[in-house]
Amino acid sequence: MTLDTEQLSQAILSAFQGSLREQWPEIRAYGESEARKLAQTLVMIETLQASGKITPAQAALHLEIQKNACRSVLLTLEGLGLLAVEAALDAALDVIRETVNGALGFTLL
């Protein structure tokens, strides 16, 4: 199974939008950008893993770096607190968990 950046991005974006619906009009552009970056990172992890260039531990580190970047961007937006950002990130990863873990053949999310 090959991960698709656009499909992952849309699933993540929908989760962000649902979780941050009150602030969505103000943060939409940031949410779209961060959803795309997170999806691209997951596709990159899959590509590296398939070619044997990355271990599961390294994949987890790449994911954590991107999650921290996403968290940092969203926390700079007025009206978003840590709990809201964490809930949005958790919701986004929950909706793609099975797809990503299945494509990788190990539990990343």
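Distance CG/Leu13 to OG/Ser33: 10.5 Å, rounded to 0.5 Å. The CG atom of Leu3 sits 5.0 Å away from atom CG of Leu8, with the distance rounded to the nearest 0.5 Å.
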Can you give me every donor-acceptor pair (side chain of residues 93-100, partner residue at least two apart or in another chain, under 3.5 Å) with its distance?
unit_1: Asp94; atom_1: OD1; unit_2: Arg97; atom_2: NH2; d: 2.2
unit_1: Arg97; atom_1: NH1; unit_2: Leu109; atom_2: O; d: 3.0

Considering only distance and modelled atom types, tabulate donor-acceptor pairs under 3.5 Å from the side chains of residues 15-31, sequence neighbours left out.
unit_1: Ser19; atom_1: OG; unit_2: Ala88; atom_2: N; d: 3.4
unit_1: Arg21; atom_1: NH1; unit_2: Gly18; atom_2: O; d: 2.1
unit_1: Arg28; atom_1: NE; unit_2: Glu32; atom_2: OE2; d: 2.8

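Listed by chain and residue number, Glu6 satisfy the side-chain hydrogen bond (donor to acceptor under 3.5 Å, both in side chains) test with Gln10 (two or more places apart in sequence, or in another chain). Under the side-chain hydrogen bond (donor to acceptor under 3.5 Å, both in side chains) criterion, Thr55 pairs with Gln58, not counting sequence neighbours.
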Take Val43 and Asp4 through the test side-chain contact (heavy atoms from CB on, under 4.5 Å) and record every step on the way to the result.
-> CA-CA 7 Å; Val43 170; Asp4 179 86; over 6 Å; no
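Taking both residues in full, the closest heavy atoms of Leu63 and Leu42 are given as CD1-CD2, 3.9 Å, listed atom of the first, atom of the second, then distance. Residues Ala39 and Ile12 come closest through the heavy atom pair N-CD1, 4.0 Å. Between Leu80 and Leu74, the shortest heavy-atom contact is CD1-O, 3.4 Å.
In this structure, Phe106 is a member of the same hydrophobic cluster as Leu48, with clusters built from ILVMFWY side-chain heavy atoms closer than 4.5 Å.
Taking the side chain as every heavy atom from C-beta outward, Leu38 and Leu89 approach each other to under 4.5 Å.
Pairs of residues two or more places apart, or lying in two chains, that qualify as side chain to side chain donor-acceptor pair (under 3.5 Å) and include a residue from residues 69-84 are Asn68-Arg71, Arg71-Glu86. Listed by first then second residue, pairs satisfying side chain to side chain donor-acceptor pair (under 3.5 Å) with a partner in residues 39-50 read Thr41-Gln66, not counting sequence neighbours.
Around CG of Leu83, the count of heavy atoms belonging to other residues, nucleotides or ligands within 6.0 Å does not exceed 12.
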